[in-house]
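This report concerns only the one structure given below.
Below, chains carry the letters A, B, ... as their sequence lines are ordered, and counting in each starts from 1.
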Amino acid sequence: MAKPSKSISPFRLASLLRLQKDPNLALHLFLNPNPNPNKPFRYSLLSYDLIITKLGRAKMFDEMDQILQQLKTETRFNPDEIIFCNIITFYGRARLPDRALRIFNQIPSFRCQRTIKSFNTLLNALLSCREFGKMREVFVGLDRCVAPDACSYNVLIRAGCLMNDLGSAREVFDEMQKRGVRPDAVTFGTLISGLCAGGKLDEAFKLKEDMERGFRVRPDGFVYASLIKGLCKVNDLSLAFKLKDEMLERRVELDSAVFSTLISALFKAGRKGDVVGVLKEMKENGCKPDAVTYNAMIYGYCQEKDFNSAFGVLSEMEKRRCKPDVVCYNVIIGGFCRVGKFREATELFEDMPRRKCAPDVVTYRTLFSGLCDGMQFQDAALILDEMVFKDYSPSAASIVKFVDELCQAGNLKLLLTILNSLAKGNLIDSVTWRRVIPMFQQLLIFKFRHSVKVDLTLHKGAPKMAEQLPSSASSSWTESDFTPFDMKLLRGYGGFWMAAYTGRLRTAVSLAFFVLLICCKSPSSEARVLLSKEKEVPSMEDSLILSALPKGTTPRSSPSHKGHAMATINERLYVLPIPHADRVLSSVPSPGGGH
DNA sequence: GTAGGGTTAG
């Protein structure tokens, strides 16, 4: 007879959670710890910690929130601040600054005291999101309650470095000293790395001197690695190697970062023969090559088109139990693309899931721009659609190149396909629009006439504009294409009013082109598209139309612009209604009134 | 697991 299944202990749940790699299964385990749902389960804090970390790493934020709500009601223990620090970091990595701020503000409601640690974690998460303005706000707020520590300033210094504003990084450095906070090794490591990245090697070395002599802080591996990289960048390998020797002499712990930099530099200098020596020295110093080290070699071989050796390194990694990471595949895929081996590149890309490595945004960008460069348009279009679906965006340059090539080849069909893909991700900027507009002008004039013809019949006494247009459509759009009545209809108050009815236009894409066409042709005017109330506008079309706006334009919240999106074209502001019929109708211009 | 370095694309 089967025993009635027994409830597991809280301790057992924690160890099961620890072992479960799949976050979904872990969640299921957490939610169903015992067979009797009526019997409340006494979760341990450790179980909460484990499940939250797993869900956060997997970016399963809604599920994580659900667990947090449950944690809030537990009164048997008070969660540690570190749990919240982790959550804030997850949101930072996922570029969700508002959620990071929200959980930070909620910490006290979990019966947990906030300290400078969660403040700093929040600062750093906002930095990951490049929310410099919000960082300032948080820092000012922090300053009022708690004294910022070295870590707080270090995050600000890093922000300055990332903004390429070494001046402000220096200012923060001075400010922290004024406030009596001692700079530490991280402070100097951050500043020196920023200086090296900015090519200011002399200043970087001067700062290394200062940190030792003036501040009595010992340079660590981070400082050395930055300096060595800086030297390699200017091809001063002999000094780079001397610095490495200085580390050995001064017993600064040598790690794989330093060796990886040197190996990469040797390949770039055409001295791959010397790499063996470096690997030997690594071994002698008890330093194991990691993925970065191997990747530096793979990159070197790919640059030489020696794919056999590159794959040799790959199998060496597997033999040494060093799991090839996404960079490894990106490097090889990029190498294949550069030499026109598109089939090999695509095959490796498609093999990545089997090799248990998820392609990232760089993988897609590499393959996409590689295929574009190699004129593999059909395949590029497929990759593009897939990447947009994954919420990744290609580089602006490769979009422009792709569009240009398709225009030149007169491949309208594929052009429309990829514009649709791009529109799904709101990835069409004004540069792209300008490129494609000439392509579609002919088509547009036709569609425009068609729609206006029907449209104007709704107005009493409207002349049939389409019939008065020359039958061979001109490629440029001028006022002479319109009759006086049309002009009266089209002209607003110093603006350019246009009434078009979505129902008459075949696709939202052509409508979007149409709007942009008017904007570009009469940059001094305001373009407005009005949509009919009777016709339901499908949401896909809404998004297509909105995506036609140059990137970065967001609907304003002020009442006068409610329901409108702002667009800037040729440095002028245009107001375009968001096409939801009910809102739009109320904004039909009336003669004599308006804006 | 509060903060900094090293490999890839553009």
TODO: Would you indicate what A:Ser256 reaches in the nucleic acid, counting non-hydrogen atoms under 4.0 angstrom: base, sugar-phosphate, or nothing?
DONE: base
TODO: Verify ring pair (Phe, Tyr, Trp, His ring centres under 6.0 Å) between A:Phe307 and A:Phe336, making sure each step is shown before the conclusion.
DONE: CA-CA 8 Å; A:Phe307 296 104; A:Phe336 275 144; 4.5 Å; yes
TODO: Check every strand shown and say whether A:Thr190 touches a base, only sugar-phosphate, or nothing at a heavy-atom separation below 4.0 Å.
DONE: sugar-phosphate
Open item on the list: Using atom C1' in both nucleotides, what's the gap between B:dT7 and B:dA3 to the nearest angstrom?
Closed with: 22 Å
Open item on the list: Using side-chain contact (heavy atoms from CB on, under 4.5 Å), reason through A:Phe368 and A:Glu386 one step at a time and then give a plain yes or no.
Closed with: CA-CA 10 Å; A:Phe368 177 69; A:Glu386 197 176 311; over 6 Å; no
TODO: Without swapping roles, check the side chain of A:Arg111 against the backbone of A:Phe77 for a donor-acceptor pair under 3.5 Å.
DONE: yes
TODO: Would you mind classifying the nucleic acid contact of A:Asn124 as base, sugar-phosphate or nothing, using non-hydrogen atoms under 4.0 angstrom?
DONE: sugar-phosphate
Open item on the list: Students often get this wrong, so: under 4.0 angstrom with heavy atoms, is A:Lys229 touching a base, only sugar-phosphate, or nothing?
Closed with: sugar-phosphate
Task: Backbone of A:Asn120 reached by a side-chain donor or acceptor of A:Asn124 within 3.5 Å - done: no
Open item on the list: If you count every heavy atom of other residues, nucleotides or ligands that lies below 6.0 Å from A:Asp245 atom CG, does the total exceed 12?
Closed with: yes
- [ ] Describe the nucleic acid contact of A:Asp255 in one word from base, sugar-phosphate, nothing, applying a heavy-atom distance below 4.0 Å.
- [x] base
Open item on the list: For a 4.0 angstrom threshold against heavy atoms of chain A, report the outermost contacting nucleotides of DNA chain B in 5' to 3' order.
Closed with: B:dG1 to B:dG10
- [ ] Identify whether any heavy atom of A:Val331 sits under 4.0 Å from a base atom; if not, whether one sits that close to sugar-phosphate; answer base, sugar-phosphate or nothing.
- [x] sugar-phosphate
Open item on the list: Pair A:Asn86, A:Thr89 - check side chain to side chain donor-acceptor pair (under 3.5 Å), show working.
Closed with: CA-CA 5 Å; A:Asn86 291 336; A:Thr89 304; 5.3 Å; no
Open item on the list: Please classify the nucleic acid contact of A:Ala396 as base, sugar-phosphate, or nothing, using heavy-atom distances under 4.0 Å.
Closed with: nothing
- [ ] Would you mind classifying the nucleic acid contact of A:Lys401 as base, sugar-phosphate or nothing, using non-hydrogen atoms under 4.0 angstrom?
- [x] nothing
- [ ] Compute both the distance and the angle, then confirm whether A:Arg114 meets the cation-pi test with A:Phe104: under 6.0 Å from the six-membered ring centre, within 45 degrees of the axis.
- [x] yes
Task: Touch class at under 4.0 angstrom, heavy-atom based, for A:Asp49 against every strand present - done: base
- [ ] Scan A:Gly221 against the nucleic acid and name what it touches under 4.0 Å (heavy atoms): base, sugar-phosphate only, or nothing.
- [x] base
